[in-house]
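Take a look at the structure set out below.
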Amino acid sequence: MNRLVSELEFEKGLSEIRSALEKLTKADPRKVPDLAAQRARLEAQYDQQLAAIYREIIPWNRVLISRHPQRPRFLDFAAVLFPDFIELHGDRRYGDDGAIVGGPATFQGRSVILIGEQKGRSTKENIMRNFGMPHPEGYRKAERLIRMAERFDMPIVTFVDTSGASALEEDEARGVSWAIAECLRTQAEIHVPIISVIIGEGMSGGAIAIAMGNRVLMLEHSIYSVIAPEACASQLWRDVAAAPEAATAMHVTAQQLLRLGLIDRIVPEPLGGAHRDPTTAALYLETALREEFSRISFEQFDWAQQRYERYRQFGQVTDTLSTTQKAPTG
Amino acid sequence: MNRLVSELEFEKGLSEIRSALEKLTKADPRKVPDLAAQRARLEAQYDQQLAAIYREIIPWNRVLISRHPQRPRFLDFAAVLFPDFIELHGDRRYGDDGAIVGGPATFQGRSVILIGEQKGRSTKENIMRNFGMPHPEGYRKAERLIRMAERFDMPIVTFVDTSGASALEEDEARGVSWAIAECLRTQAEIHVPIISVIIGEGMSGGAIAIAMGNRVLMLEHSIYSVIAPEACASQLWRDVAAAPEAATAMHVTAQQLLRLGLIDRIVPEPLGGAHRDPTTAALYLETALREEFSRISFEQFDWAQQRYERYRQFGQVTDTLSTTQKAPTG
Amino acid sequence: MRDKRLDFLRRGRGERFKPLPDQELEKLPDDVWHKCLGCRELLYDKDLEANVWVCPRCGYHHRITVHERIAMLSDEGSFVETNHALRSLDPLEFTIRDRSYKDRLLQAEKDAGVSEAVVTGVATLDGVPISLAVMVMEYLGGAVGSVAGEKITRAVERAHQDGRGLVIVSQSGGMRMHEGLFSLMQMAKTSGALARLQQAKLPFISIIADQTYGGATASWVALGDVIIAEPGARVGFSGPRVLQAIKVRLADDVQKAEFMLQHGMIDLIVPRPQLRGTVIQFLHHFKGHMRCAAQVVPSQANGSAGNQRRKDEK
Amino acid sequence: MRDKRLDFLRRGRGERFKPLPDQELEKLPDDVWHKCLGCRELLYDKDLEANVWVCPRCGYHHRITVHERIAMLSDEGSFVETNHALRSLDPLEFTIRDRSYKDRLLQAEKDAGVSEAVVTGVATLDGVPISLAVMVMEYLGGAVGSVAGEKITRAVERAHQDGRGLVIVSQSGGMRMHEGLFSLMQMAKTSGALARLQQAKLPFISIIADQTYGGATASWVALGDVIIAEPGARVGFSGPRVLQAIKVRLADDVQKAEFMLQHGMIDLIVPRPQLRGTVIQFLHHFKGHMRCAAQVVPSQANGSAGNQRRKDEK
Ligand SMILES: [Zn+2]
Ligand SMILES: [Zn+2]
């Protein structure tokens, strides 16, 4: 575990221990004879406090974790889980979007198509990837790859991590809404299975656009929401400071959404979040995906139908004229 | 017939009569008592000479007629043949191209999809229509309309009139080759019949892109070619002045191409070309299309198969190892 | 009646969030004529109504009621409302401090005079059987939650089952935050239903009225076989309030129908007086796979007030 | 043998139409090493050949022969040429003043050492059955006429019939004017055949080598399930001579593979030493609908010289 990552606001209690640990790292082992013992003691303290903090975690904290700059991204997971991944480029119409990455890979001996939203880490990479906010051509590339998967009978695994689709003038001009809608319709049309994993932020239309899975997984500290809590707070509470309240009310965490039946599985993260131990986080995800793959019947199951039914049921309504919770179709 | 149109180089003999006719038009009928008689005499002269000129017509002359600035365009024909035509716009991806126009209309009580390349006449219109040279989004709009026709079982009529697809940097950047190729593939995939009419210039990939008809018609003085005769001359003869020679050698006219079996029907034009009498030209085209439609079996025929076979046969080759003209497939 | 008419003018396009100042309102006569929101001319009610509330002078499209839209897009007396009794279950038990979403819904119903942000039903239009959905801006700004998504989906499915054409008039501020991810899921649900309708080769005419943003735009609105906008309508991904939240400013023309036409996203801009005729033309062109006449006359079961024209109300 | 090698260097990319000046040529040693066309370093034949004629220092991709390409993209000894005896019928009886197209074809065959602008055949690649077509720039600049179109089409159909993957290496100046509209029709013919192959869910890997323009680009090249270019390759709609004729100047980078990658038209740029491995990966990923092993070993019937590697010729 990397105990030297920067703390989030609710982890402030760790910063003193982390500073002490940092000092030890730079210390000369010849001058500090009990270096190892000191470190072990500090690490134990750190872990204890970390555990205490994470026991009390509230939805808003997970919002912060999901956006941590060192949180592993799609390509970090891919490097561990899909070492033979080949990135394919372009929508064949306008451009190649850096915020959506995809192509074929092998998983458990089976060819799959991966599609993932990709945030950058350095400034340069963030510019190239538009901070993980896809342009229309990103969704059109995704749609092309989804059709490729359909043509060649390859299951699809999508990785969601975006604060939203790009919404500038150029995106309106190239029809970002159209690109998202068509991507959704294409996922409804195809017959291969889709597994979607929310690995960080899953915000609004830019997220669901590639997340129409037959199974939808969320990492323990990822979030998935119709709108960012801050935007919700400023619109409904008229007070951006109410964002933590909005996060709770909107049910944006994996734990809340699993209870509501909106997602199918939570993938555990190492204590303190995936960014403290990306390799372990990847292994947890691998385990989850292995299990999902072992449940997939590739030969005969009607995945299009299952997907239709999965999304068809969402949206609880009552027919005030009837006694049942769900009215018969009009 | 409009005898006041500007002459082409091979019609120079008409210009004197035309000038005389123009003078008569401006003359005061009260001062020229035999005006009607004079006009009738001149018109007879004009028509006689016109007929003589058109009896001697060579391929290069037709190249010039096909490009005459007053030659009727797709929308001129549509106004007569398809008065209820509704233009649909846009490729749903990038833009709306003025050089390709399309949408539903009724012909003989049947709903059809029209798609036509459209040159402008005024400078302003020519800029809007890029001189009839489609951008990639034009072919993508065409492809969208072709799929619409397929979805709703509507026959397609395409009108070809272009000196070629636009080939500037922006067109390469948006993949003009890709747009054309995908438009062709889509025409191969669909099951409704396509009737294509070359009404003016049918130049190269920009023309065939929307001309993959089950039946291909050409107006009497239209041309259809792999490349402009001037470009062929400058490349093969190393002399642009050899363009007339190149036009003959490349077989670009309706008459040559019908003999070669590359097109199915010639639609006659009024004497002196469609631009001298656009209404009659439209009626001739209407007659031809009525006949074509009466031959179309809409219910049971496999138009995709017929289209495949029609294009499959083009390209005469000999298998030097076999005795037949056409080798068995490898 | 007079008050309602003033409401309607007050809620005119572009002035939705800022009602006319009181002194302006006082200047308005309270009998049979009103000031056009486009050119400020005083116009007779009858002239406006005869022109489907489009100013005959400047072409300004005033907001019209859902009932007027339904009347405009169906044969007289043919519309039968469906699923009008659907209500939200408030799956998140959402409250904003002291105010619950449930109360907000009751208020919205009172304000808008309809029970949700979409009214759906079956009808004929020039004799062609259609499934019709019309959104209601007055109901929570046309925000899409579970019920709106469900009603749209059922309208799509009804078109599919019966072999009808589908016509949806959209106007929406986006997704309804009070139902969280349930709202977002309506994008997948409606797109999935549309995929099946379109695979069955039944046509979908998508009409954009007023302003349409967010999840509505990025699902069914964008998936029309033909997409028509009224002049001056706005359509885009992020609505004004979302743009404010994400600190993005767009030039004013960017989300206008005219901009979207130029950029290839919509097929046509059709003035309201020609809209009915245009939709009829498309339905006739595209009816190859529809099921025909016998089924089109709706039974009177399940009907409600939706088929009453405004003039019937007088 | 030496002369041929010099020919090959002389025809290197970007220098095709202007052979090295004689004084440069004289400076070239005539035994086992040659000057790189990219960095002008003197390199050993063996090093170059081991690296599939890519300069190990600067990465310059020298032009290679069709036989080398075939060897690179098939399992040793597996390639069996098909349709090698097809010849043009000169349907227009085309002559340029005194020079007939028929004569030009004989000359082209002599120059290029192959009988048309495409060599086709069947093979296996890493055990996967493929139908392979490789274009030949040396034959009339890779211009596509009836025979080239017919051979491509038959290669597509062969892949379809046998359930093979399709691999086409394209390099073409465009359509062959000497066959007029027959040449243009090859765009429709090949696209039509590809539509069927792809509906049968068989994969098509499109590889762009050297320069590819016009009808080739705007039909099969652009229709690959995956489109791969070699570094520095050029691909576009109008070739340099057409651009000259229509008086259009494009910036030098516009038709480069790198430009096309950036604009979303191609999937990958793969250096030649990795090309074989990359194609193998795609074939394995996409082989779901291929027919498998038993049929892959080709009969020796119909075979020809295509399966000889350059080193076999020595
Ligand atoms: Zn007005
Ligand atoms: Zn070098």
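Residue numbers start from 1 in every chain, and the chains themselves are labelled A, B, ... in the order their sequence lines are given, proteins ahead of strands.
Proximity to chain C (any heavy atom under 4.5 Å) is restricted, for A:Leu262, to the side chain, taken from C-beta onward. If you measure heavy-atom distances from C:Val147 to chain A, the contacts under 4.5 Å come from both the backbone and the side chain. Using a 4.5 Å cut-off between heavy atoms, C:Val242 touches chain A through backbone and side chain atoms alike. Contact annotation for C:Gln186: only side-chain heavy atoms (C-beta onward) come within less than 4.5 Å of a heavy atom of chain A. C:Gln198 touches chain A through its side chain: at least one heavy atom from C-beta onward sits under 4.5 Å away, while N, CA, C and O do not. A:Ala211 does not touch chain C: none of its heavy atoms, backbone or side chain, sits under 4.5 Å away. Contacts of C:Thr190 with chain A are absent, with no heavy-atom separation under 4.5 Å from either backbone or side chain. Contact annotation for C:Phe94: only side-chain heavy atoms (C-beta onward) come within less than 4.5 Å of a heavy atom of chain A. For C:Leu223, the parts lying under 4.5 angstrom from a heavy atom of chain A are both the backbone and the side chain. Heavy atoms closer than 4.5 Å to chain C are found in both the backbone and the side chain of A:Glu172. Contact annotation for A:Leu260: both backbone and side-chain heavy atoms come within less than 4.5 Å of a heavy atom of chain C. For a residue to count as touching a neighbouring chain, one of its non-hydrogen atoms must lie under 4.5 Å from one of that chain's; by this rule C:Arg99 does not touch chain A. Contact annotation for A:Arg238: only side-chain heavy atoms (C-beta onward) come within less than 4.5 Å of a heavy atom of chain C.
C:Arg104 places none of its side-chain heavy atoms less than 4.5 Å from the side chain of A:Leu236. For the pair A:Leu184/C:Trp220, no side-chain contact is recorded, criterion being any heavy-atom separation below 4.5 Å from C-beta on. Considering only heavy atoms from C-beta on, A:Glu169 comes within 4.5 Å of C:Phe259 through its side chain. At a threshold of 4.5 Å between non-hydrogen side-chain atoms, the residues A:Ile227 and C:Arg241 do not count as touching. Two residues are said to be in side-chain contact when any heavy atoms from C-beta on lie closer than 4.5 Å; A:Phe314 and C:Leu181 fail this criterion.
In this structure, C:Phe237 and A:Gly206 approach most closely via the heavy-atom pair CZ-N, 4.5 Å. In terms of heavy-atom proximity, A:Gly315 sits nearest to C:Phe182 at N-CD2, 3.7 Å. Residues A:Arg185 and C:Ser191 approach most closely at N-CB, 4.2 Å, considering heavy atoms. Closest heavy-atom contact between A:Ala167 and C:Ile246: CB-CD1, 4.2 Å.
The residue among C:His178, C:Glu93, C:Gln262, C:Met185 with the most heavy atom pairs within less than 4.5 Å of chain A is C:Met185. When C:Ala188, C:Ala245, C:Ala195, C:Gly180 are compared by the number of non-hydrogen pairs under 4.5 Å with chain A, C:Ala188 comes out ahead. The most heavy-atom pairs under 4.5 Å with chain C, out of A:Arg310, A:Arg307, A:Gln187, A:Arg174, come from A:Arg174. Between chain A and the options C:Glu179, C:Met260, C:Met177, the largest number of non-hydrogen pairs under 4.5 Å is found for C:Met177. The residue among C:Ser183, C:Ala193, C:Gly264 with the most heavy atom pairs within less than 4.5 Å of chain A is C:Ala193. The candidate with the highest count of non-hydrogen atom pairs below 4.5 Å against chain C, out of A:Tyr224, A:Trp178, A:Tyr311, is A:Trp178. Interface summary for chain C: among A:Ser204, A:Ser234, A:Gly205, A:Ala231, the most heavy-atom pairs under 4.5 angstrom belong to A:Ser204. Of the listed residues (C:Thr217, C:Leu250, C:Leu92), the one with the most heavy-atom contacts under 4.5 Å to chain A is C:Leu92.
A donor-acceptor contact closer than 3.5 angstrom is absent between the side chains of C:Gln199 and A:Glu189.
Looking at C:Glu150 and A:Arg312, a side-chain N of the basic residue comes within less than 4.0 Å of a carboxylate O on the acidic one, giving a salt bridge.
Under the 3.5 Å distance criterion, the side-chain polar atoms of A:Thr320 are matched with a main-chain donor or acceptor of C:Ala85.
We find the CZ-CG distance between C:Arg249 and A:Leu168 to be 13.5 Å, quoted to the nearest 0.5 Å.
The residue from C:Met187, C:Arg176, C:Met175 that alone fulfils the side chain to side chain contact (heavy atoms under 4.5 Å, CB included) condition with A:Val226 is C:Met175.
Remark: C:Thr120 pairs with C:Thr82, C:Asn83, C:Val118, C:Ala133, C:Lys151, C:Ala155 by the side chain to side chain contact (heavy atoms under 4.5 Å, CB included) rule, at least two apart or across chains.
Counting non-hydrogen atoms of neighbouring residues, nucleotides and ligands closer than 6.0 angstrom, the CD atom of C:Gln244 reaches no more than 12 such neighbours.
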